[in-house]
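Every chain is numbered from 1 and lettered A, B, ... according to where its sequence line falls, protein lines coming before strand lines. These numbers were taken from a predicted model, which means no experiment stands behind them.
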There are 2 protein chains.
Amino acid sequence: MENPAESIISGMEAEGLRITVQRRLIAELFSSSRGFVLPRQVHTHISRHIPGVSYDTVYRNLRLLVQINLIEQFDFPDGVRFKLRCGPDHHHHHFICQSCHKTYPLDFCPVDQGIHPPDGFVIRSHKFEIYGLCGDCSRRPKED
Amino acid sequence: MENPAESIISGMEAEGLRITVQRRLIAELFSSSRGFVLPRQVHTHISRHIPGVSYDTVYRNLRLLVQINLIEQFDFPDGVRFKLRCGPDHHHHHFICQSCHKTYPLDFCPVDQGIHPPDGFVIRSHKFEIYGLCGDCSRRPKED
DNA sequence: CTCTATGCAAACCGTTTGCACGGAA
DNA sequence: TTCCGTGCAAACGGTTTGCATAGAG
């Protein structure tokens, strides 16, 4: 797959969706972001090219991209954030920078270690994340 | 420590807070809940005894209890939820039922296994949770 | 030309705030 | 009697909706 933005766009096309300038810009943003972004940041990004974009277009498309599994949603203390969905190649978790919200792969899954659930508990999913400051941010703190 | 509700109340007293009926009811609710509750549920609980309670009283007290570290806050897909803070005795994680939101202790911490962060990444905290259906809910699905 | 995606404006929901009063200490 | 906690009502911020129009296919 060539340009990552193109793969988001062809993913949308595969779903029969129309490719508008707004959607192209959203694809661009997610393909070039190494981490989680706020709806507000998505709106700001599109605004730079289309000054009049409305928030509902942003939210509608974010919901849509989550539904068709191209991006994923995540609750942060300062609000919901989104990031490009990781390829389905291999299961992994993430280190997440609390300053710039970039993510780094973590190739270790605690569930592989054999977890013993309480009686009758049926496991459906799990979450494992490590938070902190990435190299860039710990050297030069305070930034986003 | 005798009754868990009493320990919440004495925790509040220790902070110099006044013990009102509303606060006593909140303490009662958290001490008798085995899991996460929504602000709305807190409001409903108090309402049963004080029909006119206002939502701002609920939110104010929840914020307060989080600040003085007696309860903890957690983001769920359907909104923020709160639960009694686990004792500071030993570090552990939780199995969380996606139906009734009860929690079960999980005495295994992946971070003890020696995690290797990316270059320069400073770890500050981590999250490890296992989601699913508890014994009660998997037998009798759909309920809260 | 058709029908989806957008912009607009208003609604919505959970949460927060300012203020005067009631009640704990 | 003091002053914290409450209720009320209104404001707030993020998100969603209904509807007419613009624009992708």
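- Here Phe95(A) sits in one hydrophobic cluster together with Tyr104(A), Leu106(A), Phe108(A), Val111(A), Ile115(A), Phe121(A), Ile123(A), Phe128(A), Ile130(A), Phe95(B), Tyr104(B), Leu106(B), Phe108(B), Val111(B), Ile115(B), Phe121(B), Ile123(B), Phe128(B), Ile130(B); the rule is ILVMFWY side chains under 4.5 Å apart, joined directly or through other members.
- Among the atoms of the strands shown, base atoms are found under 4.0 Å from some heavy atom of Arg60(A).
- With rounding to whole Å, Arg23(B) atom CZ is found 11 Å from dG7(D) atom P.
- Using a 4.5 Å heavy-atom threshold, the side chains of Gln67(A) and Leu64(A) count as touching.
- Mapping Asp56(A) and Gly52(B) onto DNA chain D via the closest heavy atom, the residue that lands nearer the 5' end is Gly52(B).
- With hydrophobic clusters built from ILVMFWY side chains whose heavy atoms lie under 4.5 angstrom apart, Tyr55(A) does not share a cluster with Ile46(A).
- OP1 and OP2 of dA5(C) both lie 4.0 Å or more from every side-chain N or O belonging to Thr57(A).
- For residues 106-134 of chain B, the side chain to side chain donor-acceptor pair (under 3.5 Å) pairs, not counting sequence neighbours, are Gln98(A)-Arg124(B), His90(B)-Asp107(B), His91(B)-His126(B), His93(B)-His126(B), Glu129(B)-Tyr131(B).
- Within the 4.0 Å cut-off from OP1 or OP2 of dT17(C), at least one side-chain nitrogen or oxygen of Arg63(B) is found.
- Rounded to whole angstrom, the span from the CG atom of Asn61(B) across to the P atom of dT16(C) amounts to 13 Å.
- Contact check, Gln22(A) against dG23(D): no side-chain N or O comes under 4.0 Å of OP1 or OP2.
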Going 5' to 3' through nucleotides 20-25 of chain C and flagging B where a protein heavy-atom sits under 4.0 Å of the base, S where only the sugar-phosphate is that close, and - otherwise, we get ---BBS

